[in-house]
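All remarks here apply to the structure that follows.
Keep in mind it's a predicted model, so treat the numbers as computed, not measured. These values consider heavy atoms only, across backbone and side chains, with no hydrogens, waters or symmetry-generated copies. Along the sequence shown, the residues carry numbers beginning at 1.
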Amino acid sequence: GAFVLKDAVATVGKMDYTLFESRATGSAIIDLSTKMPKISLKEKITALNLAVVAKTLAQKDLLEGMVDTTIDLTFAGKDAKAIEKSVSGSVAIVGKSVGVIGYDLDKVLGQYDKSQKVDAVDIGAFLVAGPIGTLLTKGGDVSGALDGMKGGKTLLKDLVLKTNINAGLATLSDVAM
């Protein structure tokens with residue numbers, strides 16, 4: 001892609017690359033003109049193969065299906081900790097026929113039906129962060145429900161996850177399944 005460096009600001013106008021065996025495009029701005037380097041990324045990954053992502057990151061078959069992902073993030077810092085605390089922006093994931101392998105979300109919904117409410121945000125938290133995400137949204141009283149989820153498979157016909165990130169903290173802003 002086009003690379004321009006002017007006044008300590010580097011701009012990469014168009015990047016084309018492969019990520020998890022999927023085509024990705026994007027742009028980046030790296031601002032080195034201040035004490036704290038600032039980076040802005042805009043990325044789009046089309047037909048991201050979730051099976052490849054899960055196998056690469058989790059070393060197991062956990063997900064299947066394809067999603068389109070849009071990432072718009074800005075962060076600053078000189079080390080990983082500072083960068084993590086400064087991340088702001090959004091991530092959107094949209095897919096059809098997404099499968100969660102080894103967990104039956106219908107089972108957990110049935111268990112919660114009598115004891116407490118589960119909404120799309122709770123399921124979205126599980127999809128984004130696994131069982132830890134559910135623990136964060138529902139607290140410690142979900143351990144039995146998580147055990148009940150093991151085994152089986154869940155197919156989500158339509159999936160829309162939109163996450164806003166501010167100062168390193170992610171919030172699911174829109175979840176539809």
Side-chain angles (χ1 to χ4, degrees), residues 1-101 120-134 136-137 156-177:
F3 179 83
V4 176
L5 180 61
K6 183 177 181 181
D7 300 325
V9 177
T11 303
V12 182
K14 185 172 182 184
M15 300 182 291
D16 281 312
Y17 56 97
T18 300
L19 182 67
F20 299 113
E21 300 178 16
S22 300
R23 182 171 183 261
T25 60
S27 61
I29 298 172
I30 305 165
D31 185 349
L32 302 172
S33 66
T34 61
K35 284 174 117 178
M36 197 67 66
K38 182 178 176 183
I39 299 172
S40 297
L41 295 173
K42 293 184 186 293
E43 306 293 325
K44 182 167 182 135
I45 308 165
T46 53
L48 178 62
N49 186 334
L50 294 176
V52 173
V53 173
K55 201 162 241 338
T56 303
L57 298 179
Q59 286 84 43
K60 61 182 174 179
D61 295 324
L62 181 62
L63 300 169
E64 64 184 15
M66 301 285 197
V67 295
D68 292 331
T69 304
T70 305
I71 301 167
D72 185 352
L73 297 176
T74 300
F75 48 92
K78 293 183 178 179
D79 59 42
K81 190 173 186 175
I83 290 170
E84 184 180 315
K85 287 183 177 183
S86 74
V87 175
S88 294
S90 63
V91 176
I93 301 170
V94 178
K96 293 191 177 295
S97 299
V98 172
V100 180
I101 302 167
V121 171
D122 300 317
I123 296 170
F126 174 80
L127 292 173
V128 171
I132 293 169
T134 307
L136 293 175
T137 61
L156 306 170
K157 291 181 186 176
D158 294 293
L159 173 67
V160 177
L161 291 174
K162 293 182 182 174
T163 304
N164 292 321
I165 304 165
N166 190 8
L169 298 173
T171 305
L172 288 168
S173 61
D174 185 18
V175 180
M177 290 175 243

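At least one donor-acceptor pair under 3.5 Å links the side chain of Ser22 to the backbone N or O of Ala47. Checking side-chain atoms of Asp7 against main-chain N and O of Val9 turns up no donor-acceptor pair under 3.5 Å. Looking at Thr11, its side chain never comes within 3.5 Å of a backbone N or O of Gly13 through a donor-acceptor pair.
Closest approach of Val52 to Phe20, counting heavy atoms only: CG1-O, 3.6 Å. The heavy-atom pair separating Glu43 from Gly26 by the smallest distance is OE1-CA, 3.6 Å. Of all heavy-atom pairs between Lys78 and Pro37, the closest is CG-CD, 3.8 Å. Shown here for Ala92 and Lys162, the closest heavy-atom pair between the two residues is CB-CG, 4.2 Å. Nearest approach of Gly77 to Ala82, heavy atoms of both residues: CA-CB, 4.0 Å.
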query = Between Glu64 and Leu50, is a side chain to side chain contact (heavy atoms under 4.5 Å, CB included) present by the stated rule, with each step listed?
reply = CA-CA 5 Å; Glu64 64 184 15; Leu50 294 176; 5.9 Å; no
message = side chain to side chain contact (heavy atoms under 4.5 Å, CB included) for Ile71 and Leu41? Distances and angles first, verdict last.
response = CA-CA 7 Å; Ile71 301 167; Leu41 295 173; 5.6 Å; no
message = Using the rule given for side chain to side chain contact (heavy atoms under 4.5 Å, CB included), can you reason through Leu63 versus Val53, listing the C-alpha separation, both sets of side-chain angles and the distance that settles it, and then say yes or no?
response = CA-CA 8 Å; Leu63 300 169; Val53 173; 5.8 Å; no
query = side chain to side chain contact (heavy atoms under 4.5 Å, CB included) between Ser88 and Asn166: does it pass, once the steps are laid out?
reply = CA-CA 4 Å; Ser88 294; Asn166 190 8; 3.7 Å; yes
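Annotation: side chain of Ser90 is in contact with side chain of Asn164 (closest heavy-atom distance under 4.5 Å). Residues Thr18 and Arg23 fail the side-chain proximity criterion, which asks for heavy atoms closer than 4.5 Å.
Thr69 pairs in a side chain to side chain contact (heavy atoms under 4.5 Å, CB included) with only one of the listed residues (Leu19, Ile45, Leu161), which is Ile45.
Salt bridge absent: Lys44 and Asp68 never bring a charged side-chain N and a carboxylate O closer than 4.0 Å.
In this structure, NZ in Lys85 is found 10.5 Å from CG in Leu169, a value given to the nearest 0.5 Å. Atoms CE and OG, from Met15 and Ser27 in turn, are 6.0 Å apart once rounded to the nearest 0.5 Å. Once rounded to the nearest 0.5 Å, the distance linking CG of Asp158 with OG of Ser97 reads 7.5 Å. Atom NZ of Lys42 sits about 7.5 Å away from atom CD1 of Ile29, to the nearest 0.5 Å.
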